[in-house]
There are 2 protein chains.
Amino acid sequence: MAETAIDHLIRQLARLPGLGPRSARRLTLHLLQRRDTVLHPLLASLTAVAQSVRQCGVCRNLDLHDPCSICADPRRETGSLCVVETLADLWALERSGSFRGRYHVLGGLLSALDNIRPEDLGIAALLERAADPGVEEIVLALGATVDGQTTAHYLSDALAHTEVRITRLAHGVPVGGALEYLDDGTLSAAMRSRRPL
Amino acid sequence: MAETAIDHLIRQLARLPGLGPRSARRLTLHLLQRRDTVLHPLLASLTAVAQSVRQCGVCRNLDLHDPCSICADPRRETGSLCVVETLADLWALERSGSFRGRYHVLGGLLSALDNIRPEDLGIAALLERAADPGVEEIVLALGATVDGQTTAHYLSDALAHTEVRITRLAHGVPVGGALEYLDDGTLSAAMRSRRPL
């Protein structure tokens, strides 16, 4: 059995999210046994991404271009900005196809506990973008957690003096979700925001 | 959202064993957001493995050296050869620490259905190794499947004219396994091979 390089690779893979020692070993075996068809193409792909991905100077999205393909897309509405915590949230919203404006990726949430301050989240850049007279609405698509709500309040205070309309995502019953397993907070929110059929 | 390179990477990751589109996306996000601490070290590790792994000319193990570190280890017993189907089986046996001899990796099993013949498994090389007067035992550590048993029979026939002792792994109750969920075949085998306490 090989020592260093292979074991090192397994250890690194085992630390990735969703993987553990067993699946890392399985992956490594798979890669070793298919060097030409799997390992080398994967390596090329990872190298390409590592070399070409950059942060968008406008919205802090990660993309192959700066400004990113969303900021540069003339078909996206310029009047709407959607503030998200992470790239994962941006990807999720894009997959849903429900938002046609542009984004602002905070890269985190305000947190007294973790000592994350407005300067750490590029909030100044967001306020600058909000000052653009073309921006009419800012959607705060932040999680319904303590830090998410703290950040949303901070942002809505910081934007209070502008003309921009501030909105947040609706709370409610997830589509396909059963009421019986839903937590009380969501259920109350869904009841309060009930709508005519 | 990025098109080509990132999507391509996600597609490739999603095809790896144990991963799917969701976990591939999660992995990619993790790598993108931690380029310096995760992506680049992983890339270096994969590159090192891709460049340095080779097949052992003696036992067909994959290792950084040829002959592999097991074949080259003077502390391993030279009198015992353990025949395994795959590298995964070799790794599993090494983890168990139960075998101190050397291996022979077939890289597959005889299969009329899949048209895998003795030539495809390097069986000639195994017979050559078995002819070494130092070899006293050959353990056929092959799966208890149709193809595994076919291959074991073929090998024991091919080795019948030699002085070498041919053995196979014991069948029985897995350690920690409950009888009630065990299949009949295993249970019968375990009963037939019962031993004094």
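Note on naming: letters A, B, ... go to the chains in the order of the sequence lines (proteins, then strands), and numbering restarts at 1 for each one. All values derive from a computational prediction rather than experimental measurement.
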K.L.:
What pair of heavy atoms forms the shortest contact from L87(B) to V105(B), and how long is it?
P.N.:
N-CG1, 4.0 Å

K.L.:
Can you hop from L127(B) to L142(B) via hydrophobic side chains spaced under 4.5 Å?
P.N.:
yes

K.L.:
So which residue, A50(B), P17(B), C71(B), ends up with the most heavy-atom pairs under 4.5 Å with chain A?
P.N.:
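Answer, by heavy-atom pair count under 4.5 Å with chain A: P17(B).
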
K.L.:
For the candidates L43(B), L39(B), T47(B), which exhibits the highest count of non-hydrogen atom pairs separated by less than 4.5 Å from chain A?
P.N.:
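Max contact count across the listed options: L43(B).
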
K.L.:
Given heavy-atom pairs under 4.5 angstrom as the criterion, report whether the side chain, backbone, both or neither of L93(B) touches chain A.
P.N.:
neither

K.L.:
Ion pair present between R129(B) and D132(B), side-chain N to carboxylate O less than 4.0 angstrom?
P.N.:
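Judged by the 4.0 Å cut-off on N to carboxylate O distance, R129(B) and D132(B) do not form a salt bridge.
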
K.L.:
For R54(A), which atoms come within 4.5 Å of any heavy atom of chain B: side chain, backbone, both, or neither?
P.N.:
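Backbone only.
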
K.L.:
Of all heavy-atom pairs between P67(A) and V58(A), which one has the smallest distance, and what is that distance?
P.N.:
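Taking every non-hydrogen atom into account, CB-CG2, 4.2 Å.
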
K.L.:
What's the verdict on side-chain hydrogen bond (donor to acceptor under 3.5 Å, both in side chains) for E137(A) and T167(A), showing C-alpha distance, side-chain angles and the deciding distance?
P.N.:
CA-CA 7 Å; E137(A) 178 186 8; T167(A) 56; 2.8 Å; yes

K.L.:
Regarding D73(A) and R76(A), does a basic nitrogen lie under 4.0 Å from an acidic carboxylate oxygen?
P.N.:
no

K.L.:
Chain A: which of A48(B), S23(B), G107(B), A88(B) shares the most heavy-atom pairs with it under 4.5 Å?
P.N.:
A88(B)

K.L.:
At a 4.5 Å cut-off on heavy atoms, which part of R34(B) comes close to chain A: side chain, backbone, both, or neither?
P.N.:
neither

K.L.:
Identify which part of L46(B) has an atom lying under 4.5 Å from any heavy atom of chain A, answering side chain, backbone, both or neither.
P.N.:
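Both parts, backbone and side chain.
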
